[in-house]
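Report on the structure given below.
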Amino acid sequence: MSEVKLEDIISLAKRRGFVYQGSEIYGGLAGTWDYGPLGTLLKRNIVNEWLKYFVDGWDDMYQIDSAILMNPRVWQASGHVDTFTDPLVECTKCRTRHRFDHVLRANHILEDAINYDEMDTGKWGELLSKIKCPHCGEPGSFGEPRKFNMMFKTNVGPVEDENSISYLRPETAQGMFTNYKNIVDSFYPDLPFGIAQIGKTFRNEISPRDFLFRTREFEIMEFEYFIPENIWEAKFEKWRIDMHAWFKHLGLPQDKIKEIEVPQNDRAHYSKRTIDFEYDFPSLGFSEVGGLAYRTDFDLKNHQEHSGKNLEYRPKDGGAPFIPHVIEPSFGVDRNFLAVLSNAYTEDKVEDEKRTYLKLPAHLAPVKAAVFPLLKNKPELVAKAKEVHKLLRKQTNGRVMFDDNGNIGKRYRRQDEIGTPITITIDFQSLEDNTVTVRNRDTTEQRRIKIDNLSENVE
RNA sequence: GCGGGUGUAUUUCAAUGGUAGAAUAUGACCUUCCCAAGGUCGAGACGCGGGUUCGAUUCCCGCCACCCGCACCA
C-alpha cells in the first residue's frame, strides 16, 4: 500500500462533498475553504462531541458566543495591536525577513530610535545603511521596513477613518475575558470555573498552506479556565491529560499525537507555559492541532487597567480579592477535522482492486447508515427498503441514506468513501422473515439481523 | 512575501496553432440473488484577462489558485 498523501484526501474531500475550495468558480481566494454537506456534518459532530466532552454537564463551565467585531481597545489591551504593528524588513541579499525591532536590537540600536509614524516616508535610508542582516551579515542590505498586521482591519460605521477602525478577532479568547465580569455577576461561580467558546477567527497569514491546515479564516474551540494562581501547575497537568483523552475520543491513535513543550522565546506574549499538541498528518508530518497555555493573569490584568473596571475575584469566604489566573486549552476545529479525516482515510487492496474508505468512528460519521434494495428492478425489494429507510430516519435524525443505483458493490464503495459505518441490504429473505444483512464498513463482513433489532446496530 | 512547478469534465489523466479524448464519477432505461459486472442513451472541461496570429486550450505577458522548497505562524 502506497503512502497516503494530503492531495488524496483533498481529492476525496472534494469529490464526495466534504470540502470545496472557497469562491471556487471565481478562481478561489487563498486561504479559504468551504465545507460541503458531509464536511459540515462531520465538523458539526466534532464540535458537538467537544461540547459534550468539555462543557455540557460540567457545573463549572459556561459557554458563550461573543461578537467577532470588538471594540479596538480590546486588542490594545490584549497586546495584539502592539505585537502586530512591528514592521518587518527583508534582506535583499539572503532573502530572509526579520522583525525590524529585532534587527535593531541585534545591531545595538535603541528601540527609541523607532518612530513608527515615520513609516513609509523614506526617512529610514541612513539608519538602514548602517545595520547588518543578522542572518547573512550583509550590511545595508535591507529594504524599507513595512508594516505587517496579521489582524484583518475593517471600518465600523459609515465613516472610514482612524476612529472607525476595528478588527476581525484573531482569537476567541478575548471575548471570554471581556465577558468574565458578566459571567461572575450573573452566576457567582466559585473558582475555578471556565468560560468556553467556539467560533470563527481571522488571521491574515502571509502564506496560507496545506489545505485546511493554515487558512485565513478558521474556527477555534477553546476555553479559559480561571483559577487562583497557586494551583496552576496542578490544573495545567489536569488539562494536559484531558486533552490527550479528547484526541483519543476523536479516534486518533496515541502514537500519532505528540506533545511539544514550547520554549520561552517561541511562546506567545501572554504565556508562561505552553504545550502544543501535534498530530502526524500525511504529507505535513507532526503539526499542531491544539495547544495548552498558561496565560497567567496577563489578560484580565490588562483589561482591568485599560477598561478601568474592577476585574478582581472576591472569594466568598471573605479572603482578599485577586485577579484570577488562566489556563487555556485550545483546539483548531478545522485542524481537528483534518486530523480525523486523515486518520480515517484508508486504502486497502482487495484482489488487485483498491478499496478506499473512511474509517470514521461511528459517533463522528456524517451518515450513520445506508439502506439498499438488493435489486432495483424488483419493486417488492425497493418498497421494503424504503420502509426500513424511513424507520431509520427517525433514529438517526435523518442521517441515513437510501441508494438503489447501479449494482450493490458500487453502492457499498460509495458509502465506504464517505465513512458510513454500516450498510443494510434488503434481499428476498427479508420479504419472508423480516431480516436484513448488515455490512460492516471496515471488515466488509455481513450479519443477518432482524429489522426489529436494527436500532441496536445503528449509531 | 521570495524561488521553482502546475492549472483540460466530479476526480485522475491524454492530445492538439484549425475550439478537445479516455478512465472514473454522474443522470435515465435495461440487466443483475451481495462487494466498482455488462448494454443503450444523456449531460459534463481547456482558471481569469490581455497580446501575437487569418485562427490560441496550445506560444508570450499579467493576474488568480494550488503544489514543492524558504521565510512567516505574534
Side-chain angles (χ1 to χ4, degrees), chain A residues 5-8 10-17 20-33 36 75 78-86 88-92 94-99 101-102 135 143 146 148-151 170-171 203-211 213-216 218 262 265-271 274 276 283-284 287-288 291 332 348 350-357 372-378 381 404-417 423-431 436-441 443-446 448:
Chain A
K5 295 208 188 83
L6 194 58
E7 51 187 286
D8 301 327
I10 296 172
S11 179
L12 179 131
K14 168 99 194 281
R15 185 156 36 92
R16 290 300 181 187
Y20 308 113
Q21 185 168 40
S23 314
E24 193 183 8
I25 62 169
Y26 287 102
L29 177 66
T32 60
W33 298 88
W75 305 112
S78 69
H80 284 81
V81 171
D82 285 345
T83 322
F84 277 59
T85 28
D86 282 329
L88 301 179
V89 283
E90 182 167 338
C91 175
T92 52
C94 66
R95 286 253 149 72
T96 55
R97 304 176 101 214
H98 307 268
R99 272 175 60 165
D101 59 335
H102 287 182
H135 186 254
R146 286 162 55 187
F148 187 77
N149 194 318
M150 288 251 293
M151 285 195 288
E171 61 172 30
R203 294 181 196 180
N204 200 359
E205 295 283 352
I206 294 172
S207 63
R209 271 286 165 89
D210 305 323
F211 194 36
F213 190 80
R214 173 160 289 111
T215 56
R216 293 202 165 116
F218 58 101
V262 181
N265 51 350
D266 289 343
R267 282 198 297 265
H269 58 278
Y270 50 71
S271 175
T274 300
D276 282 350
S283 302
L284 311 181
S287 309
E288 188 183 352
D348 277 355
V350 186
E351 295 163 9
D352 273 358
E353 291 269 358
K354 196 175 72 175
R355 185 171 82 97
T356 304
Y357 60 106
F372 312 146
L374 179 60
L375 297 173
K376 188 185 186 179
N377 62 350
K378 298 286 183 286
L381 292 180
D404 63 0
N405 207 319
N407 62 59
I408 191 88
K410 282 192 182 185
R411 297 178 220 152
Y412 284 148
R413 297 303 175 87
R414 245 194 303 263
Q415 295 302 323
D416 284 344
E417 280 204 334
T423 34
I424 297 156
T425 303
I426 281 70
D427 58 17
F428 292 98
Q429 191 181 332
S430 310
L431 300 175
V436 293
T437 64
V438 174
R439 180 250 198 194
N440 180 291
R441 175 196 66 203
T443 63
T444 75
E445 279 162 12
Q446 295 181 65
R448 181 163 284 277

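As the structure is a prediction and not an experimental result, all values here were calculated from the model. Each chain gets a letter, A, B and so on, in the order its sequence line appears, and its residues count up from 1.
Using the Watson-Crick or G-U wobble rule with both distances under 3.5 Å, B:rA71 pairs with nothing in any strand shown. Base pairing of B:rU58 is not made with any nucleotide, judged by Watson-Crick or G-U wobble geometry with both donor-acceptor distances under 3.5 Å. Nucleotide B:rG21: paired with B:rC13 (Watson-Crick or G-U wobble, both distances less than 3.5 Å).
When distances run from any side-chain atom of A:R448 to the nucleotides B:rC34, B:rG1, B:rA74, the shortest one goes to B:rC34. Closest to the side chain of A:N377, from the set B:rC34, B:rC66, B:rU31, is B:rU31. Considering only the side chain of A:D427, B:rC34 comes nearest among B:rC33, B:rA71, B:rC34. Each of B:rA65, B:rU32, B:rA36 was ranked by its minimum atom distance to the side chain of A:R413; first place goes to B:rA36. When the nucleotides B:rA65, B:rC34, B:rA36 are ranked by their closest atom to the side chain of A:L29, B:rA65 comes out on top. Listed nucleotides B:rC66, B:rC68, B:rC35 differ in distance to A:A30; the shortest reach to its side chain belongs to B:rC66. Taking every side-chain heavy atom of A:W33 into account, B:rC66 is the closest of B:rU12, B:rA74, B:rC66. Of the candidates B:rC35, B:rA74, B:rC66, B:rC66 carries the atom nearest the A:Q21 side chain, counting heavy atoms from C-beta on. The side chain of A:I10 sits closest to B:rC67 out of B:rU32, B:rC67, B:rC34. Distances were taken from every side-chain heavy atom of A:R15 (C-beta onward) to each of B:rU10, B:rA65, B:rC33; the shortest belongs to B:rU10.
Proximity of A:K14 to the phosphate of B:rU11: a side-chain N or O atom is located under 4.0 Å from OP1 or OP2. For B:rA28, one of the phosphate oxygens OP1 or OP2 lies less than 4.0 angstrom from a side-chain nitrogen or oxygen of A:N405. Phosphate contact (OP1/OP2 of B:rU24, side-chain N/O of A:K410, threshold under 4.0 Å): absent.
Spacing between atom CG of A:L12 and atom P of B:rU11 amounts to 12 Å, rounded to whole angstrom units. When rounded to the nearest whole Å, the span between CG of A:D210 and C1' of B:rC70 equals 13 Å.
A cation-pi arrangement is present between A:R355 and A:Y357, with the terminal nitrogen or guanidinium carbon under 6.0 Å from the aromatic centre and inside a 45° cone about the axis.
One finds the CG atom of A:D210 at 7.5 Å from the OG atom of A:S287 (value rounded to the nearest 0.5 Å). Atom CZ of residue A:R16 and atom OG of residue A:S11 lie 10.5 Å apart, to the nearest 0.5 angstrom. The structure places CZ of A:R267 at 11.0 Å from CG of A:D276, a figure rounded to the nearest 0.5 Å. A:Q429 CD to A:I426 CD1: the interatomic distance, rounded to the nearest 0.5 Å, is 12.0 Å.
Remark: the separation of the C1' atoms in B:rU11 and B:rG18 is 30 Å, to the nearest Å. The C1' atoms of B:rA45 and B:rA20 are separated by 9 Å, rounded to the nearest whole Å. Nucleotides B:rC67 and B:rU8, compared at atom P, are 14 Å apart to the nearest Å.
Between A:S207 and A:Q446, the residue anchored nearer the 5' end of RNA chain B, judged by the nucleotide with its closest heavy atom, is A:Q446. Heavy-atom distances to RNA chain B give each of A:E445 and A:G28 a nearest nucleotide, and the one nearer the 5′ end belongs to A:E445.
For A:T437 against B:rC34, a side-chain-to-base donor-acceptor contact under 3.5 Å is present. Between the side chain of A:Y412 and the base of B:rC34 there is at least one donor-acceptor pair of N/O atoms closer than 3.5 Å. Under 3.5 Å, the side chain of A:R439 and the base of B:rC35 form at least one donor-acceptor pair of N or O atoms.
Tested against A:Y412 for a side-chain contact (heavy atoms from CB on, under 4.5 Å), the candidates A:R439, A:R441, A:E417 yield a single pass: A:R439.
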